[in-house]
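Accompanying notes for the structure given below.
Residue indices begin at 1 and follow the sequence shown. Computed from a prediction, not measured in an experiment: that's the story for all the values here. Values reported hereafter were calculated over all heavy atoms of this structure, with side chains retained and with hydrogens, waters and symmetry mates removed.
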Amino acid sequence: ITSNLLHQSPWSTFESLLSGAVDILHPGGLLVIHGSYTIDGRCKRWEDIKEFQKWLYSKNPWWGVRDVRDVLSAAEDYGFRH
């Protein structure tokens with residue numbers, strides 16, 4: 001389980017997480033990822049997320065709220081299902 005990792009780290013950190021999880025999880029094992037996400041760049045509380053996104057970017061331009069479709073696509077590239 002990882003929580004609040006994706007938006008507070010570069011995308012490459014997520015790719016490293018996926019690669020490492022493939023190496024250590026048993027077949028059928030679960031990787032649970034919790035955090036703030038958008039869907040197609042939007043979310044229900046967009047104003048809150050937009051401000052959060054600006055704050056994250058001010059701390060580090062490699063950080064940001066990720067789109068769930070990108071997260072799922074990357075996970076599928078490593079053999080995970082959702």
Side-chain angles (χ1 to χ4, degrees):
I1 296 176
T2 182
S3 182
N4 297 324
L5 168 76
L6 295 186
H7 58 273
Q8 295 178 358
S9 61
W11 185 255
S12 60
T13 301
F14 176 51
E15 292 173 327
S16 295
L17 170 72
L18 291 172
S19 177
V22 166
D23 290 342
I24 64 170
L25 286 175
H26 297 287
L30 297 177
L31 174 62
V32 179
I33 303 168
H34 174 267
S36 300
Y37 300 101
T38 62
I39 300 174
D40 296 326
R42 306 280 302 163
C43 69
K44 289 182 181 179
R45 294 178 19 219
W46 178 243
E47 289 305 315
D48 295 339
I49 294 296
K50 190 165 54 173
E51 290 302 313
F52 183 50
Q53 180 83 311
K54 285 192 323 192
W55 180 83
L56 286 169
Y57 191 78
S58 75
K59 300 296 179 191
N60 187 321
W62 295 101
W63 295 359
V65 176
R66 311 299 179 186
D67 194 277
V68 72
R69 296 186 198 287
D70 295 334
V71 170
L72 293 175
S73 177
E76 288 171 356
D77 290 346
Y78 283 84
F80 289 96
R81 298 186 328 241
H82 60 89

Going only through I, L, V, M, F, W and Y residues with side-chain contacts under 4.5 Å, is there a path from L25 to I33?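 L25 clusters together with I33.
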V65 versus L56: any side-chain heavy-atom pair under 4.5 Å?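 Sidechains of L56 and V65: in contact.
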So does E15 get a backbone contact from the side chain of S19, meaning a donor-acceptor N/O pair under 3.5 Å?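 No; judged by distance alone, with no hydrogens or angles, the pair does not exist.
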In Å, rounded to the nearest 0.5 Å, how long is the span from [atom1] of [X] to [atom2] of [Y]?
{"X": "T13", "Y": "Q8", "atom1": "OG1", "atom2": "CD", "value": "11.5 Å"}
{"X": "L72", "Y": "I39", "atom1": "CG", "atom2": "CD1", "value": "9.5 Å"}
{"X": "S36", "Y": "L6", "atom1": "OG", "atom2": "CG", "value": "10.0 Å"}
{"X": "K50", "Y": "T38", "atom1": "NZ", "atom2": "OG1", "value": "13.5 Å"}
{"X": "Q53", "Y": "R66", "atom1": "CD", "atom2": "CZ", "value": "8.0 Å"}
{"X": "D40", "Y": "D70", "atom1": "CG", "atom2": "CG", "value": "9.0 Å"}

ring-ring contact (aromatic ring centres under 6.0 Å, His included): which pairs involve residues 8-40, sequence neighbours left out?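 Sorted result for residues 8-40: W11-F14.
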Nearest heavy atoms of G35 and N4, plus distance in Å: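 G35 and N4 have their closest heavy atoms at CA-OD1, 3.8 Å.
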Where Y57 and W63 come nearest, the two heavy atoms and their spacing: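 So the minimum-distance heavy-atom pair works out to CD1-O, 4.5 Å.
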Got a list of side-chain donor-acceptor pairs under 3.5 Å for residues 74-82, not counting sequence neighbours?
{"residue": "E76", "atom": "OE2", "partner": "H82", "partner atom": "NE2", "Å": "2.9"}

